[in-house]
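Predicted model only: the values in this text are computed from it and were never measured.
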Amino acid sequence: MKNLTTLTFSFFLIISLIACGSPEKPKKAISNPNNKTKTVTTTSSSSNTKKEDTAQNNTTQTKPTPPEHLETAKEIIASISSSDIEAVDAETKYKMFCAACHGFTGDLNVNGAKDLTISKVSLVESVAQVYYGKGLMNAHKDLMEKSEIVAVAKYIETLRK
């Protein structure tokens, strides 16, 4: 069963990478003095470098979550009972919707995904980000029930070191 789970995750990871594109830098071939060709990584401008640094550096400040998103997240949290949250298999939902970019332990960082093991965002902000999406992360409000979103946000807190 474990091999099937790993195979399923690998399949979804590959599909996700194909759909989202590869985070690789552009490459070009150049000649060296020994008349051998080698491949080097290049960036065309300093703005590309800054974007890549921001995507890889989880301590970089990003746009704050809009207040209306935070207000909606507070309302969602208040409307969900603890029994509704406990009824959700949050770890499985996390693996289904989040692990392709964040990894099983939260620190995979694919496609600019934040390292969840060092995240300091509140439950309210986490719910808002999962519900509405943020940056390259898609919104999950049409993919998951509100109780599932809150349960996954609470599960993410358990990944912190």
Side-chain angles (χ1 to χ4, degrees), residues 1-27 41 43 48-66 69-70 72-161:
M1 185 67 179
K2 187 175 182 180
N3 288 338
L4 181 60
T5 304
T6 304
L7 181 62
T8 302
F9 171 73
S10 298
F11 172 76
F12 284 112
L13 180 60
I14 291 167
I15 297 301
S16 174
L17 290 175
I18 290 169
C20 298
S22 175
E24 292 182 21
K25 297 176 186 176
K27 295 180 180 180
T41 303
T43 50
N48 285 347
T49 304
K50 183 169 178 78
K51 286 179 187 174
E52 290 165 9
D53 289 345
T54 302
Q56 293 175 3
N57 185 354
N58 286 307
T59 60
T60 303
Q61 294 294 324
T62 58
K63 285 184 176 180
T65 304
H69 291 190
L70 295 174
T72 300
K74 288 177 188 176
E75 292 170 8
I76 291 170
I77 294 167
S79 70
I80 305 299
S81 70
S82 58
S83 61
D84 290 339
I85 294 169
E86 290 171 9
V88 175
D89 184 354
E91 183 177 3
T92 299
K93 291 293 180 184
Y94 173 86
K95 288 177 182 179
M96 286 174 56
F97 293 103
C98 312
C101 294
H102 291 286
F104 287 129
T105 58
D107 58 358
L108 185 60
N109 302 334
V110 171
N111 293 328
K114 301 300 180 195
D115 185 338
L116 301 177
T117 64
I118 60 171
S119 175
K120 303 231 185 293
V121 300
S122 68
L123 178 64
V124 172
E125 191 167 357
S126 184
V127 168
Q129 289 176 6
V130 174
Y131 190 78
Y132 287 107
K134 187 168 184 183
L136 295 176
M137 184 174 124
N138 292 326
H140 287 75
K141 62 184 175 185
D142 295 330
L143 302 173
M144 297 167 62
E145 299 293 325
K146 291 177 181 178
S147 60
E148 293 172 334
I149 291 173
V150 175
V152 168
K154 285 183 171 276
Y155 175 77
I156 289 168
E157 291 178 339
T158 69
L159 301 175
R160 296 178 182 167
K161 293 178 182 177

L108 and C101 have their tightest heavy-atom pair at CB-O, 3.7 Å

Using side-chain heavy atoms (C-beta onward) and a distance below 4.5 Å, is T105 in contact with L159?
no

Relative to the ring of Y94, is the ring of H102 parallel (under 30°), tilted (30 to 60°) or perpendicular (over 60°)?
tilted

Shortest non-hydrogen contact from S126 to I156?
OG-CD1, 4.3 Å

Under 3.5 Å, is there a donor-acceptor pair linking the side chains of Y132 and T72?
yes

Provide the closest heavy-atom pair for V152 versus M144 in the form atom of the first, atom of the second, distance.
CG2-CE, 3.5 Å

Hey, could you give me the CD/NZ distance between E75 and K146, rounded to the nearest 0.5 Å?
8.5 Å

Interatomic spacing from CE in M96 to CD in E91 - rounded to 0.5 Å
13.0 Å

Run V150 and I76 through side-chain contact (heavy atoms from CB on, under 4.5 Å) and show every step you take.
CA-CA 8 Å; V150 175; I76 291 170; 3.7 Å; yes

With a 4.5 Å limit on heavy-atom distance, are the side chains of V88 and K93 in contact?
yes

Separation between OG1 of T65 and CD of Q129, rounded to the nearest 0.5 Å:
4.5 Å

Please determine whether the number of non-hydrogen atoms from other residues, nucleotides or ligands lying under 6.0 Å from atom CG of L136 exceeds 12.
no

Test of understanding: with side-chain hydrogen bond (donor to acceptor under 3.5 Å, both in side chains), list the residues that count as partners of S119, not counting sequence neighbours.
none

For the side chain of K114 and the backbone of D107, is there at least one donor-acceptor N/O pair under 3.5 Å apart?
no

Enter the distance from Y131:OH to I77:CD1 here, rounded to the nearest 0.5 Å.
12.5 Å

If you measure from CD1 on I149 to NZ on K154, what distance do you get to the nearest 0.5 Å?
14.5 Å

Just by modelled atom types, is the E145 backbone N or O under 3.5 Å from a matching donor or acceptor in the E148 side chain?
yes

Distance, nearest 0.5 Å, that separates OH of Y155 from CG of L116:
10.5 Å

Heavy-atom pair of closest approach, residues A151 and A90
O-CB, 3.5 Å

For A153 against L123, the heavy-atom pair lying closest together
CB-CD1, 3.7 Å

Heavy-atom closest pair (E125 atom, L70 atom, distance to 0.1 Å) is CA-CD2, 3.8 Å

Apply side-chain contact (heavy atoms from CB on, under 4.5 Å) to the pair K74 and V124, showing each step before the final yes or no.
CA-CA 6 Å; K74 288 177 188 176; V124 172; 3.7 Å; yes

